[in-house]
Amino acid sequence: TMLPLLLLLLPAAHGVVQLGYTPALTRDPVLGGQTTASTFVLDQPRCIFNNYGNADIWLVVALDGATSNFSNTARPGTPETAFQGFPDPVRAYMTLNATLANYPCPKPAGEITVLRVGSQTSCAQDVTRPTCNGPLPSPGPYRVKFLALEGSVPVAETGWSKPIKLREAESPDTISTTGGGHSAGMIAITTILSILFAILLAGLVAMLVFWSSDSCSGSSTFSKPESVTVRRYNTHHVYDQPAARL
Amino acid sequence: MAKNDDCVHILQGLLVFGNVVIGMCGIALTAECIYFVSDPHDLNPLLKATVNSDIYAAAWIGIFVGLALFALSILGIIGVIKASRTLLLVYIILMLITFAFEMASCITAATHQDSLTPELFLKQMLERYQKSEPANNSDNEVTKTWDELMLQNHCCGILGPSDWQKYTSAFRHMHSDADYPWPRMCCVLDAQGLPINLDGCKLGVPGYYNSNGCYDAISGPVNTHAWGVAWFGFAILCWTFCVLLATMFYWSRIEY
């Protein structure tokens, strides 16, 4: 009885259509938060699932090494695919449930159509919400794919994305603040000013030596400006006149 | 003799002119240092929080040196016109002391200017911004200063919002990465102080968050002032050097 059952299941398994699309991080527009320490941003799968208007499109997020172990028959909303169990023991979880109506085709120009994985913090610890889009617990790397389920039967899937690595934050203690060095300007100022000051001191010393030795006034000295008084000269001519009268 | 008198008068004229320039530069130096110390850009808490705030010490020295230069230049003019050896000797010695102080101020300003690297401010911001239990009042001041800085200059972090991603911080201990990839102040805010598009800000969509760093806004005013103190002081000192050398020559030629 097992053999016919297996034979029945095999066509269903082969019935999952491999779509040629690979999920990727959003490159256009350039986003500052494309990857953060616990979130990353994917392009929405627009115009990919056109033939599956009745399906639920799920995002599967898996650890890099767990992609081969993931089975498309996994059901979302169960403890085996619950976000709260990720990454241990759950190696891949399913989240971001959507339908084709959420991803209209073609994409309107000028709109930013992205999926932010890890944005729901409110339900991250809530086991009653296993499909929570919670923040990722470690830097990864992770791989994602989209899976279309009709009821609980997988009908189409995209390929696995390239490994996505999140940002790792370092401690601020690693920032070295002592490497300022000395700029050329500061060295120039110090050197030149020291030389100038040394010359002035030498000049002062020479001056004082010059003064104390009190020698060689030099030929080109000049005198202090003295107050010049005009003295009146009385010539003999003036004094002789009264004598002549006598 | 006539030629000698002419030389004397030219030398006296040059010295008087030199001293007038020194006097005016002294006033200008005082004014510039007062402007720097009064801190119109409200960056004082950030600079005080850094360990090396000796740029303010250099500016204070600059104020007094400027006034001293002005007073000494007047003394110098009187001494040159009267050709008095004692006055000029006093002038030269006091000028040398002022020269030494101004030299110290310039070198301090230049050295500590070099120490205000982006890394210094980055470390301070990461360690103190929005610290949950502020150890002292200066942490609150740092947070307030940063908030105002980011609000008024439309900037985020030191080199950019990625500073908050690259390093852990006191802010990161308080707020989760998914909800707050960077502080709310980095978002473009409306008139009520709320982000115009919170999701856009969290995603990092250009136009909804400030993507440039604040280092230029900080370093611009500090650099201008510090280099002003350092290089203007250096220029004054070079001019003073020439005037002092000429004064020494003049002094040695006065007949006692």
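All heavy atoms count here, side chains included; hydrogens, waters and symmetry mates do not. Keep in mind that what you see is a predicted model, and the values were worked out from it rather than measured. Lettering of chains follows the sequences in order, A, B, ..., and the numbering in each one begins at 1.
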Can you say whether [X] sits under 4.5 Å from chain B via the side chain, the backbone, both, or neither, judging by heavy atoms?
| X | answer |
| --- | --- |
| A:V114 | side chain |
| A:Q120 | neither |
| A:L200 | both |

Considering only heavy atoms, which portion of [X] lies under 4.5 Å from any heavy atom of chain A: side chain, backbone, both, or neither?
| X | value |
| --- | --- |
| B:P161 | neither |
| B:C201 | neither |
| B:L203 | both |
| B:Y209 | side chain |
| B:S162 | both |
| B:E127 | side chain |
| B:L96 | both |
| B:W182 | side chain |

### Query
How far apart are the closest heavy atoms of A:I175 and B:K123, and which atoms are they?
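Shortest heavy-atom separation between A:I175 and B:K123 comes out as O-NZ, 3.5 Å.
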
### Message
Give me the atom names and distance for the closest heavy-atom approach of A:P135 to B:A178.
### Response
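That would be CG-CB, 3.8 Å.
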
### Task
Verify, without hydrogens or angle tests, whether A:R116 (side chain) and B:D199 (backbone) share a donor-acceptor contact under 3.5 angstrom.
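Checked: no pair found.
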
Hey, could you give me the [atom1]/[atom2] distance between [X] and [Y], rounded to the nearest 0.5 Å?
| X | Y | atom1 | atom2 | value |
| --- | --- | --- | --- | --- |
| B:M248 | A:I199 | CE | CD1 | 10.5 Å |
| A:T36 | B:Q165 | OG1 | CD | 5.0 Å |
| A:I192 | B:C106 | CD1 | SG | 11.5 Å |

### Query
Is the NZ atom of A:K107 crowded by more than 12 outside heavy atoms at less than 6.0 Å?
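Yes, the 6.0 Å shell around NZ holds more than 12 heavy atoms from other groups.
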
### Query
Counting only heavy atoms not in B:Y129, do more than 12 fall under 6.0 Å of its OH?
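Yes - once you tally the heavy atoms of other residues, nucleotides and ligands closer than 6.0 Å, there are more than 12.
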
### Task
Could you walk me through whether A:T174 and B:Y167 pass the side-chain contact (heavy atoms from CB on, under 4.5 Å) test, one step at a time?
CA-CA 9 Å; A:T174 58; B:Y167 300 100; 3.9 Å; yes

Quick one: does [X]'s side chain get under 4.5 Å of [Y]'s, heavy atoms only?
| X | Y | result |
| --- | --- | --- |
| A:T190 | B:T111 | no |
| A:E170 | B:T168 | no |
| A:R167 | B:D177 | no |
| A:L193 | B:F241 | no |

### Task
Step by step, work out the side-chain contact (heavy atoms from CB on, under 4.5 Å) result for A:L196 and B:F99.
CA-CA 10 Å; A:L196 295 186; B:F99 191 99; 4.1 Å; yes

Chain A interface, residue from [options] that has the most non-hydrogen pairs under 4.5 Å:
| options | answer |
| --- | --- |
| B:C238, B:G233, B:A110 | B:A110 |
| B:L126, B:D179, B:L244 | B:D179 |
| B:W251, B:W164, B:F234, B:W231 | B:W251 |

